[in-house]
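Working notes for the structure below.
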Amino acid sequence: MEHMGIEKGRLHYSWISSAESTKFVEVVKEVTDAAKAAGPNTNFVKRYMKEAE
Amino acid sequence: MSGNIDRIKEIARGLLETEKVDVVIGFKKGTLPVMSEPTIIRKASDTETLIWDATCRLNLCNYLTGRKDRIGIIAKGCDARNIVGHIVENKIKRDQLVIIGVPCTGMADKKALSDLVGGEVTAYAEAGDQITVKGPAGEKTVSRSEVLQSNCRSCIKRNPVIFDEMAGEPVEELVLENRFADVEKIEAMDAGAKWGYFEELLSGCTRCYACKNACPLCYCPTCFVDESRPQWVGKGTDPIDIRTYHFLRAFHCAGRCTDCGACEAACPMDIKMRAFTRKGVKDCVEKYGWETGMKEGVRPPLDTFKTDDPEAFIR
């Protein structure tokens, strides 16, 4: 995905067992922080929606 | 390479006459000079219509999917690799096939030919390694190596990997200095530049789907772009929908693409969409040591699990 121009930090992969609640919380925090830092993704907005703005 | 045609016809005729196969899949002369058409012939007398030259760009493996009859198929290096893929993916059985292997020295790029003559090519002829084309700017003769498709310049297997009959002497394989120079150039860009690069690349796309129709890998009965419940991607020509289509197609081809170039050859807008699939080819070589379709009976990397699979991307 990065190769195609999606910024680093927008896409996250992780494998969490249902028993790993602490890891789940950690990962969710990380992902939301990263998403906030990256800001709104304006690249994936359709043309008509951009025009409406 | 067109010199192999007599041998191809002879083998094809033999197969049909002795009823070893029901059909032979090959190329015939197209309605336009540089656009050879895939053809399926059933009668031995029709083998006369077969041709073989540098305009046989499409991948004949595309026409094998799900067939139940016995088939003779003409295969250049990349076609043969795709046939191996088809056998692995259970799209055809090996014992249904008689593969007529043809060593390949590369196919001529249709855009390069039309550029040579400054417009539409009106006549095409091949003599040995020389290609002669006619068009608005007159007649030009070039050697085949000057007008090769870009995937043929980075080809790793010119001779078929599997075949039952060989229609010519094997040709020398290319010695490649850096196969993936084009991919590395894109990798070196930052995210914004990459986005811009692909925006530019896809600006001409009309979503005609010629690329997926020409692709031997795209054999799903209903493609994700055609599904409406759920609808994965918009059906119009909104740039983001076009991009999503090309993104996803590239992912579906990862670890399966042989870089045969049929997608680009079929594209009426000359979009170089191999820029997407090439990344998958490169990653599979680097991360899994995998080259598609080089060996029979080996399952592709995204279909198998190994404990030492790279997992740096996952947390």
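Each chain gets a letter, A, B and so on, in the order the sequences are listed, and its residues count up from 1. All of these numbers come straight from a predicted model, not from anything done at the bench. Reckoned from all heavy atoms, side chains included, excluding hydrogens, waters and symmetry mates.
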*asked:* One pair to check against side chain to side chain contact (heavy atoms under 4.5 Å, CB included): B:Lys282 and A:His3. What are the steps and the verdict?
replied: CA-CA 12 Å; B:Lys282 179 171 183 275; A:His3 184 70; over 6 Å; no
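- The minimum heavy-atom distance linking B:Thr237 with A:Arg47 is given by the pair O-NH2, 3.7 Å.
- In this structure, A:Lys8 places its NZ atom where only 12 or fewer heavy-atom neighbours from other residues, nucleotides or ligands lie under 6.0 Å away.
- By the 6.0 Å contact criterion, NZ on B:Lys272 is enclosed, its count of non-hydrogen atoms from other residues, nucleotides or ligands being greater than 12.
- A:Trp15 approaches B:Ile314 most closely through the heavy-atom pair N-CG1, 4.2 Å.
- Contact annotation for B:Ala250: only side-chain heavy atoms (C-beta onward) come within less than 4.5 Å of a heavy atom of chain A.
- Only the side chain of B:Asp241 comes within contact range of chain A, with heavy atoms under 4.5 Å apart.
- In this structure, chain A has a heavy atom under 4.5 Å from the side chain of B:Phe198, while its backbone stays farther away.
- A 6.0 Å sphere centred on NZ of A:Lys50 holds more than 12 heavy atoms belonging to other residues, nucleotides or ligands.
- In this structure, the separation between NZ on B:Lys194 and CD1 on A:Ile6 is 10.5 Å, given to the nearest 0.5 Å.
- The distance from the CE atom of A:Met49 to the CD1 atom of B:Ile240 is 11.5 Å, given to the nearest 0.5 Å.
- At most 12 heavy atoms of other shown residues, nucleotides or ligands fall within 6.0 angstrom of atom CZ in A:Phe24.
- Only the side chain of B:Phe251 comes within contact range of chain A, judged by heavy atoms closer than 4.5 Å.
- With rounding to the nearest 0.5 Å, the separation of OG1 in B:Thr244 from NZ in A:Lys46 is 8.0 Å.
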